[in-house]
Engineer: 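Handing you a structure now.
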There are 2 protein chains.
Amino acid sequence: MIRRCDVKELDGRSYRCFFELTLQVVGGKWKPIILYHLWLEKVLRFGALKKTMPGITQRMLTKQLRELEADRLISRVAYNEMPPRVEYSLTELGESVIPIFQAMRNWGMEFEKSVAGELITGEHYESVDAVE
Amino acid sequence: MIRRCDVKELDGRSYRCFFELTLQVVGGKWKPIILYHLWLEKVLRFGALKKTMPGITQRMLTKQLRELEADRLISRVAYNEMPPRVEYSLTELGESVIPIFQAMRNWGMEFEKSVAGELITGEHYESVDAVE
DNA sequence: CGGTATCCCACGCGATACTG
DNA sequence: CAGTATCGCGTGGGATACCG
């Protein structure tokens with residue numbers, strides 16, 4: 001059985017397998033959190049989104065949102081008001097990744113349990129997740 | 001509804017949500033491919049593994065394998081022979097991530113289709129994956 | 001309020017050489 | 001064959017300042 005490992009090019013992106021492609025689109029430090037929060041709240045303004053993500057800078061949030069929009073995972077609606085108002089929400093494509101996040105979330109929980117259980121017992125681990 | 005975003009520490013690793021934890025353990029450029037190939041072949045020697053992954057350097061492969069081993073996703077068996085022989089295989093924990101890869105693989109395929117379908121039609125896209 | 005524009009750093013990843 | 005040891009770069013991510 002021969003395994004190919006060609007590099008594919010699509011729309012200015014290059015990747016060697018679909019896992020890698022998926023990571024490029026929804027991976028990284030912030031994108032999963034953005035998508036998950038949008039899924040929970042349906043619609044969020046820029047400021048509200050920022051408030052749910054302590055630690056992110058405006059520049060970073062804008063950048064991630066632009067990329068997600070370019071990949072059509074989210075839609076952006078700007079109202080011509082003063083002060084400005086911009087609302088973000090998931091597209092259908094964006095909603096379709098949520099099950100993957102949940103699967104990874106669950107796996108991470110199990111992994112944490114198994115690691116914690118292996119460390120010297122007696123310590124108690126609080127479970128506080130960033131997106132629940 | 002208040003959302004916390006505390007940073008958790010576990011076993012020398014820090015993360016803010018389980019998605020992030022999962023990515024730290026099985027993410028990156030090479031780990032998914034290593035795990036997927038081990039899943040397909042059950043047992044692989046260092047050299048055989050390297051052969052299935054064009055482009056990876058020895059140093060990188062060793063590093064990734066050590067990390068996966070430390071996280072108990074793979075097991076390493078070294079035989080005291082000359083020349084040396086080392087065999088890698090998935091642990092039960094390692095096997096438990098495979099469904100996630102498959103889900104991401106499937107999502108990546110659908111995403112590629114939707115992007116390709118959106119570009120000027122007439123071009124033909126060959127589908128060659130690194131891990132199948 | 002919802003952004004850009006600059007500047008900058010850490011680190012994931014790689015190239016190369018050497019070894020039991 | 002299956003590894004270390006060194007060196008080094010590109011880029012994902014961050015700090016800060018300014019704008020319509």
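Order of the sequence lines fixes the chain letters, A, B, ..., with proteins taken first and strands second; residue numbering starts at 1 for each chain.
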Engineer: Using a 4.0 Å heavy-atom cut-off to protein, can you give one letter per nucleotide of nucleotides 11-16 of chain D, 5' to 3': B if the base is in contact, S if only the sugar-phosphate is, - if neither?
Structural biologist: --BBB-
Engineer: At 4.0 Å (heavy atoms only), tell me whether A:Tyr79 reaches a base, stays on the sugar-phosphate, or touches nothing.
Structural biologist: nothing
Engineer: So among A:Leu73, A:Leu68, A:Ile74, which one has a side chain to side chain contact (heavy atoms under 4.5 Å, CB included) with A:Leu38?
Structural biologist: A:Ile74
Engineer: With ring pair (Phe, Tyr, Trp, His ring centres under 6.0 Å) as the rule and sequence neighbours excluded, what pairs involving residues 56-104 of chain A come up?
Structural biologist: A:Phe101-B:Phe19
Engineer: Please list, chain by chain and in numerical order, all residues satisfying side chain to side chain donor-acceptor pair (under 3.5 Å) with B:Arg13, sequence neighbours excluded.
Structural biologist: B:Asp71
Engineer: Please identify the 5'-most and 3'-most nucleotides of DNA chain C with any atom under 4.0 angstrom from a heavy atom of chain A.
Structural biologist: C:dC1 to C:dT6
Engineer: Tell me every residue that passes side chain to side chain contact (heavy atoms under 4.5 Å, CB included) with B:Ala78, counting only those two or more places apart in sequence or in another chain.
Structural biologist: B:Arg76, B:Val86
Engineer: My understanding is that only residues two or more places apart in sequence, or in another chain, count here; which of them pass salt bridge (Lys or Arg N to Asp or Glu O under 4.0 Å) with B:Glu95?
Structural biologist: none
Engineer: Hey, could you give me each pair passing ring pair (Phe, Tyr, Trp, His ring centres under 6.0 Å) that has a residue in residues 38-57 of chain A? Not counting sequence neighbours.
Structural biologist: A:Tyr36-A:Trp39
Engineer: Does anything in residues 65-78 of chain B come within less than 4.0 Å of DNA chain D? Heavy atoms only, and list the residues if so.
Structural biologist: B:Arg66, B:Arg76
Engineer: Calculate the interatomic distance between B:Arg45 atom CZ and D:dG3 atom C1'; express it in whole Å.
Structural biologist: 13 Å
Engineer: Determine which pairs satisfy salt bridge (Lys or Arg N to Asp or Glu O under 4.0 Å) with at least one residue from residues 19-31 of chain A, sequence neighbours left out, and list them in order.
Structural biologist: A:Arg16-A:Glu20, A:Lys31-A:Glu67
Engineer: B:Glu92: what forms a side chain to side chain donor-acceptor pair (under 3.5 Å) with it, not counting sequence neighbours?
Structural biologist: none
Engineer: Only distances under 3.5 Å count here; give the side-chain donor-acceptor pairs of residues 54-62 of chain B to other protein atoms, sequence neighbours excluded, each with its distance to 0.1 Å.
Structural biologist:
{"from": "B:Thr57", "atom 1": "OG1", "to": "B:Met60", "atom 2": "N", "distance (Å)": "3.2"}
{"from": "B:Thr62", "atom 1": "OG1", "to": "B:Gln58", "atom 2": "O", "distance (Å)": "2.9"}

Engineer: Considering residues at least two apart in sequence or located in another chain, which fulfil the side chain to side chain contact (heavy atoms under 4.5 Å, CB included) criterion with A:Lys113?
Structural biologist: A:Glu110
